[in-house]
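Please read these numbers as outputs of a predicted model, since none were measured by experiment.
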Amino acid sequence: MKQTDLRVGIIATGWIAEKAAYTIQRMEGVTCHAVASRTLQKAQDFAAKWGIPCAYGSYSELLDAEDIDLVYVGTPHSHHFDVTMEAIEKGKPCLVEKAFMANYDQALQVVESWGRF
């Protein structure tokens, strides 16, 4: 990793998170720096498979990490809102896999919240 690389943290360890890890590894100027799962073991297994240096056993731990510049939210759609709102509250920019949110009201709240933090 170069000092100027964008350090990405992946939240979740499912199929779509694997696609994100694969893609990030092939990007210039971007490093997959951390992964979080609901259990530490799943995060550690995913990190070992993809060569990711940091693994966290909760989403909040990753969001609290100071060395994460961008968060990729790859949870099931039903969890996008809570994880994304926590990330925004902690000042972490997010890339949320589709579908963005479960409904219009959640999407509107996320978009309106970004400007407040």
Side-chain angles (χ1 to χ4, degrees):
M1 177 178 88
K2 294 179 283 190
Q3 197 69 346
T4 57
D5 282 356
L6 180 72
R7 299 163 299 184
V8 177
I10 296 176
I11 293 191
T13 56
W15 178 82
I16 196 71
E18 290 200 2
K19 300 299 180 197
Y22 176 86
T23 301
I24 292 167
Q25 286 182 339
R26 284 149 182 78
M27 296 173 71
E28 289 185 31
V30 181
T31 301
C32 191
H33 186 69
V35 62
S37 184
R38 289 176 289 176
T39 68
L40 181 57
Q41 187 63 56
K42 284 183 183 179
Q44 289 172 333
D45 292 347
F46 189 95
K49 179 177 181 178
W50 293 100
I52 300 170
C54 300
Y56 296 99
S58 78
Y59 304 151
S60 293
E61 285 180 277
L62 185 144
L63 295 173
D64 287 336
E66 293 184 18
D67 56 356
I68 299 298
D69 303 312
L70 175 78
V71 175
Y72 178 84
V73 179
T75 60
H77 303 145
S78 58
H79 292 64
H80 284 186
F81 180 74
D82 292 335
V83 173
T84 302
M85 288 301 293
E86 183 179 354
I88 289 171
E89 289 168 4
K90 293 180 177 184
K92 301 285 189 195
C94 298
L95 176 61
V96 183
E97 68 99 11
K98 65 176 182 119
F100 176 60
M101 293 293 139
N103 58 54
Y104 174 81
D105 290 335
Q106 287 181 351
L108 184 61
Q109 189 173 345
V110 167
V111 171
E112 289 176 344
S113 293
W114 182 249
R116 290 193 304 237
F117 296 100

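- Within the 4.5 Å cutoff, the side chain of Leu70 has no heavy atoms near those of the Lys92 side chain.
- Contact annotation: the side chain of Tyr56 approaches that of Cys54 to within less than 4.5 Å [non-hydrogen atoms, C-beta and beyond].
- With sequence neighbours left out, Lys19 forms a salt bridge (charged side-chain N to carboxylate O under 4.0 Å, His left out) with no residue at all.
- Asp105 meets the side-chain hydrogen bond (donor to acceptor under 3.5 Å, both in side chains) test with no other residue; sequence neighbours excluded.
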**Study point:** side chain to side chain contact (heavy atoms under 4.5 Å, CB included) assessment of Leu63 paired with Val71
**Key:** CA-CA 8 Å; Leu63 295 173; Val71 175; 3.6 Å; yes

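- In this structure, the side-chain hydrogen bond (donor to acceptor under 3.5 Å, both in side chains) partners of Glu18, at least two apart in sequence or on a different chain, are Lys49.
- By the criterion of side-chain heavy atoms lying less than 4.5 angstrom apart, applied directly or through intervening Ile, Leu, Val, Met, Phe, Trp or Tyr residues, Trp50 is grouped together with Met27 in one hydrophobic cluster.
- Side-chain contact between Thr31 and Val8 is absent, with no heavy-atom pair separated by less than 4.5 Å.
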Show me the donor-acceptor pairs within less than 3.5 Å that the side chains of residues 34-42 make with the rest of the protein, sequence neighbours left out.
| unit_1 | atom_1 | unit_2 | atom_2 | d |
| --- | --- | --- | --- | --- |
| Thr39 | OG1 | Lys42 | N | 3.3 |
| Gln41 | NE2 | Asp45 | OD1 | 2.7 |

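- Note on Leu95: it clusters hydrophobically with Leu6, by side-chain heavy-atom contacts below 4.5 Å among ILVMFWY residues.
- Transitive grouping of hydrophobic side chains (ILVMFWY, heavy atoms separated by less than 4.5 Å) keeps Tyr104 and Ile88 in distinct clusters.
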Review point. Between Val96 and Val110, is a side chain to side chain contact (heavy atoms under 4.5 Å, CB included) present by the stated rule, with each step listed?
Key: CA-CA 11 Å; Val96 183; Val110 167; over 6 Å; no

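- For the salt bridge (Lys or Arg N to Asp or Glu O under 4.0 Å) condition, the pairs that include at least one residue of residues 52-73, sequence neighbours left out, are Arg7-Asp69, Asp64-Lys90.
- For the pair Gln106/His80, no side-chain contact is recorded, criterion being any heavy-atom separation below 4.5 Å from C-beta on.
- Of all non-hydrogen atoms in Ala17 and Ala12, the two that sit nearest each other are CB-O, 3.3 Å.
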Can you list, pair by pair, the side-chain donor-acceptor contacts under 3.5 Å of residues 72-79, counting residues two or more places apart and other chains?
| unit_1 | atom_1 | unit_2 | atom_2 | d |
| --- | --- | --- | --- | --- |
| His77 | NE2 | Lys98 | O | 2.9 |
| His77 | NE2 | Ala99 | N | 3.1 |

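- Atom OG1 in Thr84 sits 11.0 Å away from atom CD in Glu89 (nearest 0.5 Å).
- Nearest heavy-atom pair across Ala87 and Cys94 is CB-SG, 3.3 Å.
- Shown here for Cys32 and Ile52, the closest heavy-atom pair between the two residues is SG-CD1, 3.4 Å.
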Check your understanding: Between Met101 and Gln109, is a side chain to side chain contact (heavy atoms under 4.5 Å, CB included) present by the stated rule, with each step listed?
Key -> CA-CA 10 Å; Met101 293 293 139; Gln109 189 173 345; over 6 Å; no

